[in-house]
Each structure stands twice: as C-alpha cells, then as structure tokens.
Amino acid sequence: QQLAAAIRQGSFRPIPQPQAEPVAAARAAVPLEVSVRRHNLPSQTTPFIGRQGEVADLTRLLAEPEVKLVTILAPGGMGKTRLGLAVAERQLNRFADGVFFVPLAPLSSPDDIVTTIAEQVGFSFGGSISPKQQLLDYFRERQTLLVLDNFEHLLDGASLGTDLLRAAPGVKVLTTSREKLNLSGETAYLLAGLHFPTWQSLEDVQEYDAARLFMQSARRVRPDFALQPQDLDDLVRICRLTAGMPLAIVLAAGWLDVLSLARVAAEIQRGLDILETEQRDVPER
C-alpha cells in the first residue's frame, strides 16, 4: 500500500540498476574469433593442368576414416609433387590444425626427418625428452595433414610414419615416392602419365592433358606459338614418345625457341638426351 501511494504521489524513484562492467560489455561486443587454418604450401608459378581424376581419387582416399597414409607412387618426372600439392590445397578446410608440405629431397639421412617436420610446422624442441617423442606429443591432439615429398631415399626412416599415426589419430600423411614405404597402413596410389591423343584431330587433340601441357609450356618460350593442322602428327608423336610424362613434355616444349616442332619430335625419336634443361629451378635429379 505504501508503495502504491508513493507511486500515485510521484515520490517513488526506482533504484538504478548497476551498469555493466566496461570490460565485460566490450567482451560481449567482440565476435568470436575464427581460427585461421595454417599451411605452408608453396605458391606455384604455372597453372595445374589435368589430373582431375587423380585429384578426385586422392581426395576420396583422404576422406576415408580408416585411410591414414597414402603414397603417390611413380617414377621421377611423373608429377608426383605437383599432384600432391594440388590435393593438399583442397584439404585446407578439412584439417583444423593445418596442412604442411615437408620437402625431403634435400635430406641425406633419415635422422633429419624429425627436425625437418618440426621446422615446417613451426615447432621448437626443448627439454630432455627425445626430439622424436616431443614431435609425437606435439601432434597427439592435432588434426593435421602432412605432405612428405620425395621419400624414396629415406626409406630407413619410414617407421616414423607408423609411430606418428599411432600417436596422433587426427593426423594423416600424404607421401610422394618412387618406391613404396612398405608400411602396414600404407595405401599406394600408382600414378601414370597424362592422357595423350591416339589419333590426329585439331579439335580432339587439345582435349588431352598431355597436349594442353605441351601448348602451355610452348607458349612460355614462344608466346606466338599456335598449333597448326600440319603440326598434329609431330605433337602426337611427342606425347606418345614421352608416354605423357609431364616433365618430359615440358622439357620437349622448351626447345621450341630454337627448333621446329618436327625437329623436336625427330630428336626425341632418336634418343632422350634432348630432354635436359638448364633451368636453375629444376632439381638436378
């Protein structure tokens, strides 16, 4: 009754409510931070051509829960590294803790694999625990894809892959190699050459990945290069003689600044010595 009377008389003043703490209010106004997925994948200087089927196959394999280790298996020059990078780029949204490329070609000893992986993912060792155990502990709760490139000369260290996958269930490994790692959990994916034409037609030939790669490479040394109907026999012959091997096709096209297409085909027919390069960013191997 007293409260009602006070309201009627206009003498009631509500007790002011405490203001929200400035810090708390500021926190409430800040949206949740979206975690940035990390990666160290190198940028490429040329477009990736073809291999749609292979990319789809490898993407499907990596999506299968029971598949933890996939090896892209092929001879040198078949494009294993480039394919591995193309697949890795499509995995950036699947691995919350990042996708990391680990180049193994410069290493001379399997003992260096642990430290090289650590360098690429940005992990620093410390304490008295062995580096290998520290690395396993680092990955234990992480969801990461590791691309271990050019493993063939370090096969004595392949058991690290098994140890890593046992310690870290959220980690998957994609390797490239000329030889199988011969691990129990390994899925080997055999990589062949690019599709190349088996008949001569100006319209059909440019639908083949090998021919498209040759055209792209040819225009880097001869920007005015255009395929003519009389060139079809020679282009098809080059694609067949190289069996669709990407590196061989690129090296063959590199001669068009000094040789005709017919002469390049004839030189390859005579022997593969012409398939060399003086480019500084091509590995010696």
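Residue Leu190 is not grouped with residue Leu181 when hydrophobic side chains (ILVMFWY) are merged at heavy-atom distances under 4.5 angstrom, including chains of intermediate members. Cluster membership for Val70 and Met78, using ILVMFWY side-chain heavy atoms within less than 4.5 angstrom, is shared. Phe101 and Val171 are assigned to two separate hydrophobic clusters, defined by single-linkage of ILVMFWY side chains at heavy-atom distances under 4.5 Å. Hydrophobic clustering keeps Phe139 apart from Val99 (ILVMFWY residues linked when any side-chain heavy atoms are closer than 4.5 Å, directly or through intermediates). Cluster membership check: Val147 shares its hydrophobic cluster with Tyr189, using side-chain heavy-atom separations under 4.5 Å among Ile, Leu, Val, Met, Phe, Trp and Tyr.
Annotation: side chain of Arg94 is in contact with side chain of Leu62 (closest heavy-atom distance under 4.5 Å). Contact check for Leu235 versus Cys239: side-chain heavy atoms found under the 4.5 Å cut-off. Inter-residue side-chain proximity for Thr46 and Arg82 is flagged as met; some heavy-atom pair is nearer than 4.5 Å. Looking at heavy atoms from C-beta onward, Pro75 lies out of side-chain contact with Arg178 at the 4.5 angstrom threshold. With a 4.5 Å cut-off on side-chain heavy atoms, Phe151 and Ile113 count as touching. Counting only heavy atoms from C-beta outward, the side chains of Thr242 and Leu251 never approach each other to under 4.5 Å. Taking the side chain as every heavy atom from C-beta outward, Glu152 and Thr176 never approach each other to under 4.5 Å. Taking the side chain as every heavy atom from C-beta outward, Leu261 and Phe214 approach each other to under 4.5 Å.
Arg212 and Gln216 share no side-chain donor-acceptor pair at under 3.5 Å. Between the side chains of Thr144 and Asp97, no donor-acceptor pair of N or O atoms lies under 3.5 Å. Judged by distance alone, the side chains of Thr45 and Arg220 never bring a donor and an acceptor atom under 3.5 Å apart.
Minimum interatomic distance between Ala226 and Asp231 (heavy atoms only, all atoms of both residues): O-OD2, 4.0 Å. In this structure, Gly84 and Leu174 approach most closely via the heavy-atom pair O-CD2, 3.9 Å. Here the closest non-hydrogen pair linking Leu136 and Ala167 is CB-CB, 4.1 Å. Considering every non-hydrogen atom in both Gly244 and Ala210, the closest pair reads CA-CB, 4.5 Å. The nearest pair of heavy atoms linking Val67 to Leu61 is CB-O, 3.3 Å. In plain terms, the two heavy atoms of Leu183 and Ala158 that are nearest each other are CD1-O, 3.3 Å.
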Open item on the list: Could you go through Arg90 and Leu58, starting from their C-alpha distance and side-chain angles, then the distance that decides it, and tell me whether this counts as side-chain contact (heavy atoms from CB on, under 4.5 Å)?
Closed with: CA-CA 10 Å; Arg90 290 158 176 78; Leu58 290 163; over 6 Å; no
- [ ] I would like to know whether Gln91 and Thr59 meet side-chain contact (heavy atoms from CB on, under 4.5 Å); could you show each step before the answer?
- [x] CA-CA 8 Å; Gln91 302 296 312; Thr59 300; 3.7 Å; yes
Task: Evaluation steps, side-chain contact (heavy atoms from CB on, under 4.5 Å), between Leu191 and Glu54 - done: CA-CA 8 Å; Leu191 184 63; Glu54 291 87 342; 3.9 Å; yes
Task: Pair Val102-Asp149, side-chain contact (heavy atoms from CB on, under 4.5 Å): steps then yes or no - done: CA-CA 6 Å; Val102 183; Asp149 186 49; over 6 Å; no
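Taking CG of Leu145 as the reference point, atom NZ of Lys172 lies at 9.0 Å (rounded to 0.5 Å). Atoms OG and CG, from Ser159 and Asn182 in turn, are 12.5 Å apart once rounded to the nearest 0.5 Å. Atom CG of residue Leu104 and atom CD1 of residue Ile117 lie 7.0 Å apart, to the nearest 0.5 angstrom. Interatomic distance, OG1 of Thr162 versus CD of Glu186, reported as 9.0 Å (0.5 Å rounding). Note: Thr116 OG1 to Leu107 CG = 4.0 Å, rounded to the nearest 0.5 Å. The line from CG of Leu256 to CZ of Phe225 is 5.5 Å long, rounded to the nearest 0.5 Å.
Without hydrogens or angle criteria, Gln44 side chain to Pro42 main chain gives a donor-acceptor distance under 3.5 Å. A distance-only check finds no donor-acceptor pair linking the side chain of Ser177 to the backbone of Leu73 [under 3.5 Å]. Side-chain atoms of Lys132 do not come within 3.5 Å of backbone N or O of Val114 as any donor-acceptor pair. With hydrogens and angles ignored, the 3.5 Å screen pairs a side-chain donor or acceptor of Ser260 with a backbone N or O of Arg263. Under a 3.5 Å cut-off, the side chain of Lys68 and the backbone N or O of Pro169 do form a donor-acceptor pair.
Partner Leu146 forms a side-chain contact (heavy atoms from CB on, under 4.5 Å) with one of Thr175, Leu69, Val121 and no other, that one being Val121. When each of Glu141, Arg140, Gln134 is checked for a side-chain contact (heavy atoms from CB on, under 4.5 Å) with Asp137, only Arg140 meets the rule.
Heavy-atom neighbours of His195 NE2 from other residues, nucleotides or ligands within 6.0 Å: at or below the threshold of 12.
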